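Written out below as structure tokens is the structure these notes cover.
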Amino acid sequence: MDKLKKLEAIAKKIENCDECKIGKIGKAVVGEGNPDADIMFIGEAPGKEEAKVGRPFIGRSGKLLRSLIREAGLKEEDVYITSPVKYLPERGTPTKEDIVHGRKYLFEQINIIQPKILVLLGRVATEAVIQEKYPVMKMRGKIIEKDGRKYFLTLHPAAVLRNPPNRKFLIEDFQKLKKLLNS
Ligand code: URA
């Protein structure tokens, strides 16, 4: 089975997963992008806009993320964008259970795509994927190598929208990412 077919099979599983839907609303947001992406962006959980349409990062924070991706010299269709939690949590913030359950599907997606770099957007993405506590403000803009994978930590764009003075850090990190990708 090729990568696209495998990703489609995971999407079907997520759409039919009753456990995923506990305490959630709206459409499944499985992720989107290139099955052969070298770089994968990982957020937290879909927001209202995403749950309405079923696509990741299309609301305000998504617009910021997608503009930074383009400014880093990447094309949206060349990367893969997703989150550990695949449905909008009723309370907005995912629970530990939501993350532990949803990331099983995220790990399956990572294993199929085999990206060269995983960009972890914020604390939830970092703890969900690396399964260790890394202070994002201290480790941001750096590559962490663990178990044969490369992770790049930065802030979640929604956190930057909530706290505009932090925008400079996100921009700085994407400039570093651009350099890394070109080196
Ligand atoms: N924020 C996320 O973390 N993921 C989305 O898909 C949208 C917003």
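Order of listing sets the numbers, starting from 1, for every ligand and every atom in it. A quick note: this is a predicted structure, and the numbers were derived from the prediction, not measured.
At the top of the distance list for atom 4 (N) of ligand 1, counting protein heavy atoms only, stands Ser83 OG, 2.8 Å. Here the protein heavy atom with the shortest distance to atom 6 (O) of ligand 1 is Phe57 N, 3.3 Å.
The Gly43 neighbourhood of ligand 1 comprises atoms 3 (O), with distances under 4.0 Å to a heavy atom of that residue. Of all atoms in ligand 1, numbered sequentially from 1 with element shown, those under 4.0 Å from a heavy atom of Glu44 are 2 (C), 3 (O). Of all atoms in ligand 1, numbered sequentially from 1 with element shown, those under 4.0 Å from a heavy atom of Pro56 are 6 (O).
Considering backbone and side-chain N/O of Ala45, one or more are found under 3.5 Å from N/O of ligand 1. For the pair Glu50 and ligand 1, the shortest N or O to N or O distance does not fall below 3.5 Å.
For the pair Pro46 and ligand 1, a heavy-atom separation below 4.0 Å is found. Ligand 1 lies less than 4.0 angstrom from a heavy atom belonging to His156.
The six-membered or imidazole ring of His156 lies away from that of Phe41, with a centre-to-centre distance of 6.0 Å or more.
Between the side chain of Lys12 and the backbone N or O of Glu8 there is no donor-acceptor pair closer than 3.5 Å.
Between atom CD of residue Gln175 and atom CG of residue Leu68 there is a gap of 9.0 Å, rounded to the nearest 0.5 Å.
Taking each heavy atom of Asn34 and Ile113 in turn, the nearest pair found is O-CG2, 4.3 Å. Across every non-hydrogen atom of Lys6 and Ile112, the tightest pair is CB-CD1, 3.5 Å. Contact record, Ser183 with Leu180: OG-O, 3.0 Å, taken as the closest heavy-atom pair.
Tested against Asp173 for a salt bridge (Lys or Arg N to Asp or Glu O under 4.0 Å), the candidates Lys142, Lys168, Arg140 yield a single pass: Arg140.
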